[in-house]
Structure formats: C-alpha cells, structure tokens
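Atoms within a ligand are numbered from 1 in the order they appear, just like the ligands themselves. Values reported hereafter were calculated over all heavy atoms of this structure, with side chains retained and with hydrogens, waters and symmetry mates removed. All residue numbers refer to positions in the sequence shown, counting from 1. Every value quoted in this text rests on a predicted model; they were computed, and no experiment measured them.
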Amino acid sequence: MAKRYFVPPIPSSEITSEGAYLNRRQFMRAAGLTASTSLMGSLSATAHGAPTGGAELEYSQATDNSQGFYTAEKQTPFDDVTAYCNFYEFGTDKGDPERYAHNMTVDPWSIEVTGAVSKPGKLHLEDLLTGFELEERVYRLRCVEAWSMVVPWVGFSLGDLLKRFEPTGKARFVAFETLYKPSEMRGTRSFTSTIDWPYREGLRMDEAMHPLTLMAVGLYGKTLPNQNGAPVRLVVPWKYGFKSIKSIVRIHVLERQPQTTWEMMQPSEYGFYANVNPQVNHPRWSQATERRLPSTLFRPNRIPTRLFNGYEEQVAELYKGMDLSRDY
Ligand code: MTE
C-alpha cells in the first residue's frame with residue numbers, strides 16, 4: 001500500500017453532477033423502480049460481465065448530524081468513487097478494481113455467521129438487500145494513504161445484523177473475510193502479491209455494535225459497483241479505509257482479537273485499531289493532512305485530517321484510557 005503513496009493526479013470527471021443524480025433518483029422512485037422490482041435482473045447481469053451494480057435501492061435518508069450519520073460536505077463524484085479504488089484482489093493499481101472486478105460473481109451470494117453466537121447461520125443476498133431497513137448515510141472515508149472521499153452509502157448497521165445471530169457472553173471481537181476466488185480475482189493469482197488471502201479484518205465487539213458501523217449494500221442510491229465491494233462491505237468511518245473490508249462472505253464472532261491482513265503483513269505500520277489520527281504518523285509519512293478527492297496535481301485539495309476522522313464526539317468514549325499512539 002505504501003509504495004503507491006505518490007499517486008498520479010486523479011482525473012476529475014464530474015459527469016454525474018449531484019443535481020442530475022438527485023433528479024434521476026426522484027424519477028426512478030416515481031416510476032416505482034425499487035430493489036424488489038429491478039434488483040435481481042441487474043445483479044445477475046453482473047455475472048455476465050455487464051456494467052456492475054446499478055439497481056435502484058429503496059431506503060430512507062439519514063439526516064442526524066449528531067449521530068454522525070450525515071455530513072453536508074461536498075460529495076465525491078460517483079466517477080471518482082468508482083474509478084479510484086483499493087481492492088487488491090483485482091490488482092494494486094487504483095484503476096484495476098474498475099477494470100477487472102466485473103469478473104466477480106456477486107449473485108448468488110451469502111454471508112456465513114459463525115462462532116460465539118447462539119444462532120449461527122447464513123444470510124443470502126436477498127436477505128441483505130431487503131431484510132434490513134436500508135438507510136443512506138453520508139460518511140467521510142479516509143484512507144491510510146492520506147486521500148479521502150465523501151460517499152453517500154446505502155446500508156444498515158452491522159449491529160442489526162449481529163443481533164439476529166444472538167452473540168453469546170463470549171463475544172468480544174468480530175472477524176470478517178472477503179471472498180477468495182482466484183479464478184475471478186486476478187490479483188490473488190499474482191506472483192508479486194504478499195497477501196495471505198483471503199483479505200481479513202476485525203473489530204472489537206463494542207466497535208462492531210456502534211451505530212455508525214455500517215454494512216453497505218449500495219452507494220449513490222444504487223447497489224454497490226463490484227469494485228467498491230459488492231454486494232456487501234463494511235464501512236467504519238472513523239478508521240482508516242483498510243478496515244472497511246469489501247465483498248464479505250464470512251463473519252466469525254470470537255473471544256480473542258483476530259489477525260487482520262495489514263497487521264499481519266506490516267505490524268509496525270498498520271495496527272488492529274487503525275483509528276484515524278492526525279497526531280500519530282505512519283512510520284513513512286505524515287497523517288496530519290489528506291487529499292480530498294477529486295484532487296489533481298494543480299488542485300490537490302489538501303485539508304487537515306481530524307481525530308477519528310471527525311467522529312470524535314460519537315466514538316471517543318470507546319477508547320477512553322487507551323494510549324492511541326501505542327494502540328494505533
Ligand atoms: N477490502 C478488500 N477485500 N481488499 C482490499 O484491498 N482495500 C481497503 C478497503 N477494503 C481493500 C478492502 C482499503 S486500503 C481502502 S482505502 C478501502 O477498501 C477503499 O474502498 P473504496 O475502493 O471503495 O474507496
């Protein structure tokens with residue numbers, strides 16, 4: 001990840017303006033095109049290499065600033081969110097996920113929930129898309145590489161999912177795994193990759209149950225494009241982006257802290273907590289500022305990074321008494 005810190009400027013194509021997006025969504029709603037009517041057709045099309053994502057979702061809009069569910073900051077255009085990605089299963093170049101992730105079959109899909117839960121089981125694609133109250137949450141996403149975006153996600157709280165499986169008294173951590181399917185993921189076949197697949201992430205139970213922790217199934221009102229982690233990914237807005245694991249197939253609830261991909265690879269540089277913190281620098285670069293996308297060489301759009309990515313009011317309590325420079 002670190003190698004690519006000095007990235008080339010990003011093309012700032014703003015083809016879908018916010019206004020156009022809103023109008024179109026209103027139109028689709030008026031036409032009654034909702035998840036239940038249009039979803040399955042579109043998702044199965046992705047299996048055949050057609051443009052990814054794209055089905056309209058039915059959701060309410062979060063407006064609660066005090067909970068951190070919504071920011072009025074300028075949203076990063078859809079084209080930047082979907083073209084400038086990290087999804088190493090498809091390659092390490094920022095354009096690789098958009099170029100190659102359409103090869104990933106996202107229907108059928110299921111998440112298996114195991115471990116310290118009374119009712120282990122599976123959630124299938126339809127349960128994920130229609131079995132929870134979907135809400136649009138506009139969050140900041142801050143990558144450890146010092147770029148950031150503002151994304152209108154659609155999803156539901158991870159806590160709502162976990163409660164269905166009834167965590168037991170031994171539930172102290174939650175581990176997540178991404179799909180590992182080399183035949184469809186060219187990055188996992190690469191001889192230069194040093195990642196021990198599948199991509200793994202984890203949270204402490206109280207972090208997992210925090211209302212801000214989102215299972216996203218869409219962005220900009222539609223199902224997730226494959227490159228952004230279709231059909232379901234985690235979004236933990238106060239942590240560096242690598243915690244927000246994509247295309248999840250397994251959730252394991254456990255007593256001990258699980259191993260996670262970046263920590264396993266480079267423990268001195270990437271910790272389990274990975275809370276956004278401008279005062280704790282990465283060993284090889286400063287975390288004091290970030291490039292807010294769209295950003296170009298001449299207009300880098302550099303802004304100060306905030307503690308917990310600006311969600312201090314909501315989450316600081318979780319880390320009371322902890323030394324954030326040691327537990328980075
Ligand atoms: N999940 C998987 N499975 N594989 C990855 O390579 N990259 C992470 C995270 N989730 C990654 C992943 C990183 S480093 C970031 S910054 C975010 O995804 C980027 O999400 P985005 O591409 O949707 O912006």
Side-chain angles (χ1 to χ4, degrees), residues 1-5 7 10 52-53 75-101 104 106 109 111 139-155 175-182 184-188 190 193-203 214-220 223-251 260-266 269-271 274 276 282 287 290-295 305 309:
M1 202 152 33
K3 286 205 291 269
R4 295 163 304 97
Y5 178 52
V7 288
I10 306 127
T52 54
Q75 294 172 18
T76 304
F78 178 85
D79 286 350
D80 293 304
V81 175
T82 55
Y84 191 89
C85 296
N86 276 336
F87 200 166
Y88 278 27
E89 284 84 339
F90 298 99
T92 54
D93 188 87
K94 288 286 183 286
D96 283 343
E98 187 190 33
R99 223 169 278 135
Y100 303 117
M104 175 171 63
V106 297
W109 191 275
I111 300 185
Y139 285 168
R140 294 175 285 276
L141 177 87
R142 167 57 157 89
C143 180
V144 74
E145 297 165 329
W147 53 265
S148 66
M149 309 194 268
V150 174
V151 184
W153 303 105
V154 178
F176 305 86
E177 274 179 30
T178 293
L179 175 74
Y180 173 54
K181 201 171 183 187
E184 295 182 0
M185 296 172 144
R186 67 201 309 274
T188 66
S190 161
S193 167
T194 52
I195 293 179
D196 177 16
W197 307 104
Y199 192 100
R200 275 165 263 200
E201 257 313 330
L203 294 172
L214 192 72
M215 289 293 272
V217 295
L219 57 82
Y220 272 103
T223 50
L224 282 178
N226 283 12
Q227 62 265 35
N228 294 99
V232 60
R233 70 173 295 171
L234 192 66
V235 182
V236 194
W238 70 94
K239 292 177 179 285
Y240 290 120
F242 66 85
K243 299 294 290 183
S244 293
I245 181 172
K246 297 180 171 180
S247 304
I248 297 169
V249 291
R250 197 159 125 85
I251 296 179
T260 56
T261 291
W262 287 100
E263 200 195 4
M264 278 156 69
M265 282 215 301
Q266 209 52 273
E269 301 191 348
Y270 309 102
V276 175
H282 186 279
Q287 294 290 26
E290 65 203 51
R291 289 184 302 114
R292 173 63 54 84
L293 304 191
S295 139
T305 287
N309 201 24

Might you work through the side chain to side chain donor-acceptor pair (under 3.5 Å) test for Y199 and W262, ending with a clear yes or no? CA-CA 9 Å; Y199 192 100; W262 287 100; 3.2 Å; yes
Per-atom filter on ligand 1: closer than 4.0 angstrom to a heavy atom of L141 are 24 (O)
Quiz item: Does at least one non-hydrogen atom of R233 fall below 4.0 angstrom from an atom of ligand 1?
Solution: yes
Worksheet item: Is there side-chain contact between L219 and N228, with heavy atoms separated by less than 4.5 Å?
Response: yes
| message | Side chains of K181 and W197, heavy atoms from C-beta outward: is any pair under 4.5 Å? | response | no
At under 4.0 Å between heavy atoms, what of T178 touches ligand 1? The answer is side chain
Short version for K243: what comes under 4.0 Å of ligand 1, heavy atoms counted, is neither
Note: Y199, heavy atoms under 4.0 Å from ligand 1, region reported as side chain
By side-chain hydrogen bond (donor to acceptor under 3.5 Å, both in side chains), T188 pairs with (sequence neighbours left out) none
A student checking ligand 1 against S244 at a 4.0 Å heavy-atom cut-off should list atoms 9 (C), 10 (N), 18 (O)
Within 4.0 Å of some non-hydrogen atom of C85, the atoms of ligand 1 are 22 (O)
Q) Quick one: does F176's side chain get under 4.5 Å of L203's, heavy atoms only? A) yes
Within the 4.0 Å heavy-atom cut-off, what E89 brings close to ligand 1 is side chain
Residues at least two apart in sequence or cross-chain that pass salt bridge (Lys or Arg N to Asp or Glu O under 4.0 Å) with E98, listed by chain then number, are none
_Does any part of the side chain of C143, heavy atoms only, come nearer than 4.5 Å to the side chain of S148, both counted from C-beta?_
no
At under 4.0 Å between heavy atoms, what of M149 touches ligand 1? The answer is side chain
Note: ligand 1 atoms sitting under 4.0 Å from heavy atoms of C143 are 16 (S)
Logged contact type for V81 with ligand 1, heavy-atom cut-off 4.0 Å, is neither
If I apply the N/O under 3.5 Å rule, does Y84 come out as touching ligand 1?
no
>> Using side-chain heavy atoms (C-beta onward) and a distance below 4.5 Å, is R142 in contact with Y240?
In response: yes
